Amino acid sequence: MSETLAESVDLARLSTGDGDFDARLDALLAWEGVSDAEVQERVAEIIAAVKVRGDAALVEYTQRFDRLAVGSMAELTLGADRLEQAYRGLPEQQRDALAQAAERIRLYHERQKPESWSYTEADGSVLGQQVTPLDRAGIYVPGGKAAYPSSVLMNAIPAHVAGVREIVMVVPTPDGVLNELVLAAAHLAGVDHVFTIGGAQAVAALAYGTESVPRVDKIVGPGNIYVATAKRAVFGQVGIDMIAGPSEILVVSDGGTDPDWLAMDLFSQAEHDEDAQALLVSWDESHLDRVEASIARLLPTLEREAIVRESLARRGALIHCRDRDEAVQLINRIAPEHLELSLAEPEAMLPQVRHAGAIFMGRYTAEALGDYCAGPNHVLPTSGTARFSSPLGVYDFQKRSSIIHCSEAGASTLGRVASVLARGESLTAHARSAEYRIKGD
Ligand SMILES: NC(=O)c1ccc[n+]([C@@H]2O[C@H](COP(=O)([O-])OP(=O)(O)OC[C@H]3O[C@@H](n4cnc5c(N)ncnc54)[C@H](O)[C@@H]3O)[C@@H](O)[C@H]2O)c1
Ligand SMILES: N[C@H](CO)Cc1c[nH]c[nH+]1
Ligand SMILES: [Zn+2]
């Protein structure tokens, strides 16, 4: 690595052989996020205000945080006509791209649709599971630093496929700037109501309802630290999908992919947020040097250069590891939101990957394709939560009810077992309720 490059890019170089490797990696992976006490306090205040003062609080917070000179919620409400107008008014190229993405996302999510099922036992009893959609879902579409039409599709389409009756969308419009693609995507994805509010106040409105905003059963979708903290705070009052933190990418490269491609893949997530994470792991050290040179050369060409620089400095790293096995260990330790296996034979590594939100296979699969139009969802577990959670999907908009239908004979057989267990718990009403139905007793 030359002196000039080291000076021009503030980006950590780590090696698994270094004595302080574990500590340095842990520091990079840590994200204060929803445990920040100051943010928690502010969010609690906002939620309490919306709970008590409803629309009036929403209007005030929107004036303050999004700098909108509005006087009522009517000015922050968009009807179906306005969404359709946005769709019809798009340039043809944008309308086609949006429609193609929507169709691919719909086709992918159709495959996730779980079916109700049941089976009949020898005595005629039937056991099963009935799958039902949520009545009303709330989707949060981020809009503070950038507008995300793709997030409208990724949140609303699975809800629609699941059969949700009513979809309520909230999206902040800083300085009153409406994004036509966001509105058009809402039309295309079958959103029923749109409110141009954001942050913790929008989450509170969805959770508790206000004079204008209907209370929903579950809130899904990504957002900044205020949104994530508010979602965690209202969980229990409503369902939530996950607490999504800043975007992340982990690229594993065997050294055979064009370094410029990899540099841009890292930038693609770093440009979301100063707290986004971009990591590259390789067992080929000279390849890491080449990627670092690409990063230094390409950085000044980015429109969001300042955000990317900050994000790389805070949470980016090029990591040299011993071999493929050590790369796999790192993947499973990091449990990244996005994992690119930029390898000649990614299939060989795939079965060893236990924790990752989405896995992008081979040199040609840029993570960005998954963000927009490949089909799978781009709302994914972050901050290592891929260890226990999954991408947003149709299943997030459905519930399951157990079905038990005893025949007369089945009631006798099960009644005897239940009676014994109930008396063992000293719950005699349980026992007698089961015993009444035992034939011949
Ligand atoms: N995981 C995903 O699928 C995905 C997709 C798109 C974006 N993202 C992430 O979502 C995040 C979007 O963040 P954003 O900020 O651009 O938009 P956002 O919509 O999440 O947040 C904007 C809102 O934050 C609130 N806010 C801002 N400053 C505040 C303050 N000081 N006090 C109280 N409230 C305040 C305001 O109400 C504002 O409307 C980024 O981190 C991005 O990486 C994730
Ligand atoms: N990479 C984001 C999820 O982490 C999703 C997104 C939307 N637009 C572009 N990217
Ligand atoms: Zn992205």
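When a ligand or atom number is given, it counts from 1 through the structure's own listing order. Since we're looking at a predicted model, the values are computed, not measured.
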Identify, by name, the N, O or S atom of His272 lying closest to the Zn ion (ligand 3).
NE2

[X] and ligand 1 - part of the residue with a heavy-atom distance under 4.0 Å:
X      : answer
Pro142 : both
Asn224 : both
Met154 : neither

Suppose we measure from [atom] to each protein heavy atom; which comes out shortest, and what is that distance?
atom                    : value
atom 38 (C) of ligand 1 : Asp66 OD1, 3.4 Å
atom 31 (N) of ligand 1 : Arg42 NH1, 3.0 Å
atom 35 (C) of ligand 1 : Tyr226 CD1, 3.5 Å
atom 11 (C) of ligand 1 : Gly223 C, 3.6 Å
atom 17 (O) of ligand 1 : Gly144 N, 2.9 Å
atom 16 (O) of ligand 1 : Lys145 N, 2.7 Å
atom 25 (C) of ligand 1 : Gly199 CA, 3.9 Å
atom 41 (O) of ligand 1 : Asp273 OD2, 2.5 Å

Is the closest heavy atom of Ser247 to ligand 1 under 4.0 Å?
yes

Is the distance from the Zn ion (ligand 3) to some N, O or S atom of Asp371 under 2.8 Å?
yes

Decide, counting backbone as well as side-chain atoms, whether His378 has an N, O or S atom less than 2.8 Å from the Zn ion (ligand 3).
no

In this structure, CD1 of Ile225 is separated from CD1 of Ile243 (nearest 0.5 Å) by 11.0 Å

Ring centres of His109 and Phe397 under 6.0 Å apart?
no

Donor-acceptor check, side chain of [X] to backbone of [Y], threshold 3.5 angstrom: yes or no?
X      : Y      : result
Arg387 : Gly384 : yes
Thr382 : Pro246 : no
Glu180 : Tyr87  : no

State if Glu248 counts as touching ligand 2 under the rule of any non-hydrogen atom under 4.0 Å.
no

Asp371, any N or O under 3.5 Å of ligand 2 N or O:
yes

Hey, looking at [atom], which of [options] has the closest heavy atom?
atom                    : options                : result
atom 18 (P) of ligand 1 : Tyr140, Phe65, Tyr148  : Tyr140
atom 37 (O) of ligand 1 : His378, Glu38, Gln201  : Gln201
atom 5 (C) of ligand 1  : Gly143, Pro222, Pro172 : Pro222

Donor-acceptor side-chain pairing of His287 and Ser253 below 3.5 angstrom
yes

Would you mind running through ligand 2 and noting each atom that sits below 4.0 Å from a heavy atom of Ser150?
7 (C), 8 (N)

Is ligand 2 under 4.0 Å from a heavy atom in the side chain of His338, in the backbone, in both, or in neither?
side chain

In Asp258, Asp265, Asp254, the residue satisfying salt bridge (charged side-chain N to carboxylate O under 4.0 Å, His left out) with Arg363 is Asp254

With heavy-atom distances below 4.0 Å as the criterion, list the atoms of ligand 1 near Gly198.
37 (O), 39 (O)

Under 4.0 Å from one or more heavy atoms of Glu337, ligand 1 contributes atoms 1 (N)

